[in-house]
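By convention in this document, chain letters (A, B, ...) are assigned in the order of the sequence lines, proteins followed by strands, and residues within each chain are numbered from 1.
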There are 2 protein chains.
Amino acid sequence: MPVELTPSQALGLWHTVSLEQVRVDGRDLTLRQMAILLQIYLVPPPHTVRGLAATLGVTKPVITRALDTMGALGLVDRVRDERDRRNVVIKRTVDGALYLEKFGDLIIDQGRKQPK
Amino acid sequence: MPVELTPSQALGLWHTVSLEQVRVDGRDLTLRQMAILLQIYLVPPPHTVRGLAATLGVTKPVITRALDTMGALGLVDRVRDERDRRNVVIKRTVDGALYLEKFGDLIIDQGRKQPK
DNA sequence: TCAAAAAGAAACGCTTGCGTAACGGTCCGC
DNA sequence: GCGGACCGTTACGCAAGCGTTTCTTTTTGA
């Protein structure tokens with residue numbers, strides 16, 4: 001069953017979730033970083049720098065830098081691919097899963113609060 | 001009627017919307033900027049720098065800079081309050097309304113595509 | 001076998017955003 | 001009318017992101 005939203009509900013949901021996320025979380029990931037993080041956690045592995053760059057429509061250094069940042073935050077991990085040592089496989093972490101779980105809860109909560 | 005979402009739907013929606021927004025729109029607003037923009041367009045005016053700063057839980061220069069950036073993009077406008085000339089009233093623009101309308105459509109479209 | 005291709009990272013110069021602090025207008029109470 | 005409070009902006013030094021280009025390591029295939 002798809003999610004049916006009115007225009008007011010759609011923007012209202014984005015509004016309250018963004019607002020709450022800004023207020024609560026100091027990390028302030030960019031939209032790109034968030035898209036990368038969700039891609040890693042919601043789409044079956046393996047994930048590579050090149051693959052993510054193609055999916056997002058951005059250059060490879062953008063991915064490398066985002067992984068640097070999110071790696072420092074403990075949200076993702078990098079492991080060299082032993083089968084083809086040119087590749088780096090991006091791994092999920094417990095902290096990253098927790099982060100997204102809380103974020104998902106926030107979306108659900110704010111969804112419930114949307115009027116109409 | 002509130003919006004009822006499963007955890008998978010909530011994150012899935014955020015995922016596909018973020019992804020599509022990254023791919024399509026070069027502007028790449030930060031989460032803070034997006035929160036400010038939505039606050040201006042979804043909450044009844046008047047909006048001031050001080051009020052937005054308090055609502056978002058950030059400092060005033062953050063608001064000033066965000067208004068600089070989004071003003072340059074044509075998404076918002078600033079007008080001096082003639083009744084109290086210390087204040088600046090933030091105004092909506094046609095371009096800003098259009099931008100959010102398209103963004104709302106994107107959310108609705110991606111909501112329809114969420115499985116389960 | 002060895003040159004070309006591929007993947008990811010690093011380097012470069014630049015732009016933008018941040019927090020703190022200081023600054024000019026404007027309003028208000030005494 | 002004037003000192004203090006208030007509002008938004010600017011200045012400052014710094015951190016992080018960007019695109020392009022270059023580099024290193026590894027694989028491929030002629």
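For R78(B), whose side chain is taken as the heavy atoms from C-beta onward, the closest listed nucleotide among dA7(C), dG8(D), dT9(D) is dT9(D). Closest to the side chain of T59(B), out of dG8(C), dC18(D), dT20(C), is dT20(C). The side chain of V62(A) has dG19(D) as its nearest neighbour among dG8(D), dG19(D), dA9(C).
At the phosphate of dT9(D), OP1 or OP2 sits under 4.0 Å from a side-chain N or O atom of T64(B). Within the structure, every side-chain polar atom (N or O) of T48(B) is placed at least 4.0 Å from both OP1 and OP2 of dC7(D). The side chain of Q33(B) contributes an N or O atom lying less than 4.0 Å from OP1 or OP2 of dG17(C).
Between D109(B) and K102(B) no salt bridge is recorded (no basic side-chain N to carboxylate O distance below 4.0 Å).
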Please list, pair by pair, any protein nitrogen or oxygen found under 3.5 Å from a nitrogen or oxygen in nucleotides 11-15 of chain D.
none

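Not one N or O on the side chain of T48(B) forms a donor-acceptor pair closer than 3.5 Å with the backbone of N87(B). At least one donor-acceptor pair under 3.5 Å links the side chain of R92(B) to the backbone N or O of I40(B).
The distance from atom NE2 of H47(B) to atom P of dC7(D) is 17 Å, rounded to the nearest whole Å. Summarising the geometry, the separation between CD1 on I90(B) and P on dG8(D) is reported as 7 Å, rounded to the nearest angstrom. Rounding to whole angstrom units, CZ of residue R32(A) and C1' of dT16(C) are separated by 13 Å. Counting to the nearest Å, the C1' atom of dG17(C) and the CG atom of D68(B) are 11 Å from each other. Rounded to a whole Å, the CG atom of L67(A) is 12 Å from the P atom of dA10(C). Rounding to whole angstrom units, CG of residue L29(A) and P of dA16(D) are separated by 13 Å. Atom CG in N87(B) sits roughly 14 Å away from atom C1' in dT9(D) (whole-Å rounding). Whole-Å rounding puts the K60(A) NZ to dT22(D) P distance at 14 Å.
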For a quick check, with a 4.0 angstrom heavy-atom cut-off, what is the B/S/- contact string for nucleotides 24-30 of chain D, read 5' to 3'? --BS---
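For the pair I107(A)/L13(B), no side-chain contact is recorded, criterion being any heavy-atom separation below 4.5 Å from C-beta on. Inter-residue side-chain proximity for R23(B) and T55(A) is flagged as met; some heavy-atom pair is nearer than 4.5 Å.
With hydrogens and angles left out, the side-chain atoms of S18(B) and Q39(A) include no donor and acceptor closer than 3.5 Å.
To the nearest 0.5 Å, atom CG of residue L73(A) and atom CG of residue D68(A) are 11.0 Å apart.
Considering only residues two or more places apart in sequence or on other chains, D95(A) meets the salt bridge (Lys or Arg N to Asp or Glu O under 4.0 Å) condition with none of them.
The aromatic rings of F103(A) and W14(B) sit perpendicular to each other, their planes meeting at more than 60°, with 30° as the lower class boundary.
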